S.K.: 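Encoded as structure tokens, here's the structure I'll be asking about.
Because the structure is a prediction, the values reported are computed rather than measured.
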Amino acid sequence: EVQLQASGGGLVEAEGSVTLSCGSPEFGLDDYAIHWFRQAPGKEREGVSCISDSGGVTYYADSVKGRFIVSRDNAKNTLTLQMNSLKTEDTAVYYCSTWSYCSKHGLEMALSHADSWGQGTLVTVSS
């Protein structure tokens, strides 16, 4: 199982922006759909967004649609989640993982089948 590392989090004011990155020091990720999850304090982990291996398909949870942008550049081996218009309820530890496809169902499958999680990154949104 490929474990990924999310990075780029920090403290940001409400309505601000932050961009997270996802990567693996051991594996190339060109052949994987990448999924983003988050876990807020005291809450269950939830799916946020995903992007297909080619980047041609994306999906966003309703809670972040219109505010977050997921992207990838396979040539540069970059995977990012741009988070705009942040709200205090976006405060969470963000994680990324792989799955074979990107869709609402794929996000649910990736979440339910994960045996372990790589390094997450904390995003704290202050009011």
Side-chain angles (χ1 to χ4, degrees):
E1 183 177 338
V2 178
Q3 287 197 349
L4 307 182
Q5 298 176 1
S7 61
L11 178 63
V12 61
E13 293 184 352
E15 296 303 317
S17 298
V18 68
T19 297
L20 306 184
S21 297
C22 175
S24 169
E26 300 176 354
F27 300 97
L29 302 178
D30 296 12
D31 296 331
Y32 297 93
I34 300 299
H35 295 251
W36 288 92
F37 302 89
R38 66 185 181 186
Q39 187 164 21
K43 295 188 177 181
E44 294 187 353
R45 203 179 312 245
E46 63 176 357
V48 173
S49 178
C50 61
I51 186 167
S52 63
D53 55 355
S54 67
V57 176
T58 58
Y59 171 81
Y60 299 93
D62 288 343
S63 59
V64 306
K65 195 175 298 181
R67 300 188 297 121
F68 289 12
I69 301 172
V70 62
S71 63
R72 69 190 302 162
D73 185 335
N74 288 338
K76 297 180 179 179
N77 199 33
T78 59
L79 293 151
T80 61
L81 181 69
Q82 182 180 339
M83 303 163 58
N84 303 314
S85 301
L86 283 164
K87 305 176 181 180
T88 54
E89 51 262 45
D90 294 318
T91 294
V93 178
Y94 285 75
Y95 302 86
C96 54
S97 73
T98 61
W99 192 249
S100 55
Y101 57 92
C102 170
S103 66
K104 179 180 179 181
H105 183 256
L107 203 58
E108 294 169 349
M109 293 292 286
L111 181 60
S112 63
H113 283 74
D115 295 325
S116 61
W117 295 88
Q119 175 183 306
T121 188
L122 175 63
V123 175
T124 302
V125 183
S126 62
S127 58

S.K.: Kindly determine whether Arg38 and Val64 satisfy side-chain contact (heavy atoms from CB on, under 4.5 Å), including the steps that lead there.
M.R.: CA-CA 11 Å; Arg38 66 185 181 186; Val64 306; 3.9 Å; yes
S.K.: For the residue pair Ser52 and Cys102, what are the closest heavy atoms and their distance?
M.R.: N-CB, 3.6 Å
S.K.: Which heavy atom of Asn74 sits nearest to which heavy atom of Ser54, and what is that distance?
M.R.: ND2-CA, 4.4 Å
S.K.: When you measure from the side chain of Arg45 to the backbone of Val93, do you find a donor-acceptor pair of N or O atoms at a distance under 3.5 Å?
M.R.: no
S.K.: Is Glu46 atom CD crowded by more than 12 heavy atoms from other residues, nucleotides or ligands, each under 6.0 Å away?
M.R.: yes
S.K.: Within the structure provided, determine whether Leu81 and Ile69 are in side-chain contact (heavy-atom separation under 4.5 Å).
M.R.: no
S.K.: Would you say the side-chain atoms of Ser71 and Gln82 include a donor-acceptor pair closer than 3.5 Å?
M.R.: no
S.K.: How far apart are the closest heavy atoms of Tyr32 and Arg72, and which atoms are they?
M.R.: O-NH1, 2.8 Å
S.K.: Parallel, tilted or perpendicular, judged at 30° and 60°: which one describes the rings of Phe37 and Trp117?
M.R.: perpendicular
S.K.: Test side-chain contact (heavy atoms from CB on, under 4.5 Å) on Leu107 and Lys104 and set out the steps.
M.R.: CA-CA 5 Å; Leu107 203 58; Lys104 179 180 179 181; 5.8 Å; no
S.K.: To check you understand the geometry: which heavy-atom pair defines the closest contact between Ile34 and Cys96, and what is its length?
M.R.: CG2-CB, 4.3 Å
S.K.: Would you give the length of the straight line joining atom NZ of Lys87 to atom OG of Ser63, rounded to the nearest 0.5 angstrom?
M.R.: 8.5 Å
S.K.: When rounded to the nearest 0.5 angstrom, what is the spacing between CG in Asn77 and CG in Leu29?
M.R.: 6.0 Å
S.K.: When rounded to the nearest 0.5 angstrom, what is the spacing between NE2 in His35 and CG in Leu111?
M.R.: 10.5 Å
S.K.: Are the side chains of Met109 and Tyr101 in touch, meaning some heavy atoms are under 4.5 Å apart?
M.R.: yes
S.K.: Are Asp62 and Lys65 close enough for a salt bridge, meaning some N to O gap below 4.0 Å?
M.R.: yes
S.K.: Would you compute the distance between atom CG of Leu4 and atom SG of Cys22 and round it to the nearest 0.5 angstrom?
M.R.: 4.0 Å
S.K.: May I ask you to decide if His105's main-chain N or O and Ser103's side chain share a donor-acceptor pair within less than 3.5 Å?
M.R.: yes
S.K.: For the residue pair Leu79 and Trp36, what are the closest heavy atoms and their distance?
M.R.: O-CZ2, 4.4 Å
S.K.: Donor-acceptor check, side chain of Ser49 to backbone of Tyr59, threshold 3.5 angstrom: yes or no?
M.R.: yes
S.K.: Mind checking the OG-CZ spacing from Ser17 to Phe68? Nearest 0.5 Å is all I need.
M.R.: 9.5 Å
S.K.: Could you go through the side-chain contact (heavy atoms from CB on, under 4.5 Å) check for Arg67 and Tyr60 one step at a time?
M.R.: CA-CA 10 Å; Arg67 300 188 297 121; Tyr60 299 93; over 6 Å; no
S.K.: We want to know whether Ser7 and Ser21 form a side-chain donor-acceptor pair, criterion being a heavy-atom distance below 3.5 angstrom.
M.R.: no
S.K.: Is Trp99 reachable from Tyr95 through a run of hydrophobic residues whose side-chain heavy atoms are each under 4.5 Å from the next?
M.R.: no
S.K.: Just how far is it from atom OG of Ser127 to atom CD of Glu15, taken to the nearest 0.5 Å?
M.R.: 11.5 Å
S.K.: State, with a plain yes or no, whether a side-chain heavy atom of Val123 is found less than 4.5 Å away from one of Asp90.
M.R.: no
S.K.: Might you point out which heavy atoms bring Val125 and Thr91 nearest each other, and give the distance in Å?
M.R.: N-OG1, 2.9 Å
